[in-house]
Number of protein chains: 2
Amino acid sequence: MALREVILTVLAHRRMTGYEIAHDFDRALSYFWRASHQQIYRELASLDKDGCVKFKVVPQTGKPDRKVYAITTRGRDELKKWVAEPTPPPQPRYDLLVKLMAGLLVDKASLHREMERVSVESRAILKQFRRMRRQCAGQPLETMAEYEQSLYLALRRGLLQVEAQTKWLGEVTEFLESGSLKR
Amino acid sequence: MALREVILTVLAHRRMTGYEIAHDFDRALSYFWRASHQQIYRELASLDKDGCVKFKVVPQTGKPDRKVYAITTRGRDELKKWVAEPTPPPQPRYDLLVKLMAGLLVDKASLHREMERVSVESRAILKQFRRMRRQCAGQPLETMAEYEQSLYLALRRGLLQVEAQTKWLGEVTEFLESGSLKR
DNA sequence: CACGGCATGTAACAGGTTACATGATTAT
DNA sequence: ATAATCATGTAACCTGTTACATGCCGTG
């Protein structure tokens, strides 16, 4: 149920249309959160109903009207309250882990192929994260507002996670190839 | 949509009742997958409808009848097919990351407290993982079937993830305390 | 006598995904 | 011509969560 708060957060940073929020989730915020535009429009309607956001209709020529949303005082209060609440630990639900167990029981050859594919993918993502981080590091600290700093920390988390994942995949591959666990 | 396959996987290992599956998710499989008994009963009904599992009713005295489920050939085929399919990368949706960004914008004091709470929690989980891993490591390799080996690898993944998480929390805490990013 | 364990379920609701819909403009 | 971009939405479906329901047994 955090999509509501994600939207409030981006609106606390600056006013935007639903379309722009969806667009940001596909680009700059893609390693931060993801949601379809349908989901965002639905949630914005619900936030508006509860008085947490308000909007102005900005007519355009040739294009559909824009609804520019802004957070309200009530929305800001709800967000503050939410920040103070204890965060539930994330549930472990990782398809590849299931595939590992299933594959060992029913089809090792396919499992091998799929693990190899994911390993390649994972190393590519790792490269990309490292490149992005170098880009960020090139920027002087003073020019970074809090918003950008938290994006940097999100990126940093992604990098640490992918590093751990890549290491794990290496160990699993070794296990699948040698047929025994190393410890 | 992997709950279906998780259930097929545990049934490929041994026949069980829905109650036992739910119980295992709360214990041995808790760092592997989680689901409520309601969800499991619903999914078992759907799997039965599709001919992927079958069951025998075992009457008991004093207790409700047990429905002992087993995987069918069709179920095994479906599982094989699924193992060979490319696994979609997991979506990044981490509430604490949202809280970090939201907190910087609306309430730094609450954010600080919550981050501290999660750090403590995270270090406790790390300790627990390490203890479990030592327990596993004490066991001779030969006695471990493939099923147990994959559970060990699931545990290993959990450990690596929590290590990365703990490291990240350390960096975030330092950032919150010093007010600037270190790089 | 209250509570937890065993063992099954139904019903309502919340959140995420997919498909469908509109309609002008600009780029290939 | 065709596709992509801008900008909004509705509707159906699937999955996950929460609440409610039954009924016997053993333990404190």
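The basis for the numbers below is simple: all heavy atoms, side chains too, and nothing from hydrogens, waters or symmetry mates.
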Counting any heavy atom closer than 4.0 Å, what does R93(B) reach on the DNA or RNA strands: base, sugar-phosphate only, or nothing? sugar-phosphate
As a test of reading the structure: which of dA7(C), dG16(C), dG23(C) is closest to the side chain of R66(B), going by heavy atoms? dA7(C)
Atom CD of E43(A) and atom C1' of dT8(D): how far apart are they, to the nearest Å? 17 Å
Evaluate the side-chain hydrogen bond (donor to acceptor under 3.5 Å, both in side chains) criterion for residues R133(A) and Y152(A): first the C-alpha distance (whole Å), next the side-chain angles of each, then the deciding distance (0.1 Å), finally the verdict. CA-CA 8 Å; R133(A) 188 159 179 249; Y152(A) 172 79; 3.1 Å; yes
If the cut-off is 4.0 Å, is K67(A) near the phosphate of dG9(D), judged by side-chain N/O to OP1 or OP2? yes
Aromatic Y94(A) / basic R157(B) pairing, under 6.0 angstrom, 45° off normal: yes
Parallel under 30°, tilted from 30 to 60°, perpendicular over 60°: which one fits the rings of F55(A) and Y69(A)? tilted
Any idea which of dC6(C), dG16(C), dA12(C) is nearest the P64(B) side chain? dC6(C)
Using whole Å, report how far CG of D26(A) lies from P of dA4(D). 15 Å
Atom-to-atom span, CG of D24(B) to P of dC6(C) - whole angstrom: 12 Å
Is Y19(A) near enough to dT8(D) that one of its side-chain N or O atoms lies under 4.0 angstrom from OP1 or OP2? no
May I ask you to evaluate whether Y41(B) reaches the phosphate of dT8(C), defined as a side-chain N or O under 4.0 Å from OP1 or OP2? yes
Side chain of T17(B) (C-beta onward), nearest among dT8(C), dG16(C), dC6(D): dT8(C)
Could you give the NE2-to-P distance, from H37(A) to dA21(C), as a whole number of Å? 14 Å
For the residue pair H23(B) and Y19(B), does the interplanar ring angle fall in the parallel (under 30°), tilted (30 to 60°) or perpendicular (over 60°) class? parallel
Nucleotide dG5(C), atom P - distance to NE2 of H23(B) in whole Å: 8 Å
side-chain hydrogen bond (donor to acceptor under 3.5 Å, both in side chains) between T166(A) and R123(A), worked out: CA-CA 7 Å; T166(A) 306; R123(A) 283 192 294 267; over 6 Å; no
For D65(A) and dT22(C), what is the distance between atoms CG and P respectively, to the nearest whole Å? 19 Å
Between S36(A) and Y69(B), which residue's closest nucleotide on DNA chain C lies nearer the 5′ terminus? Y69(B)
Nearest whole Å is fine: how far is dA11(D) C1' from R42(A) CZ? 10 Å
Both A2(A) and Q38(A) contact DNA chain C. Which one's nearest nucleotide lies toward the 5' end? A2(A)
Given atom CG of L3(A) and atom C1' of dG16(D), what is their separation to the nearest angstrom? 16 Å
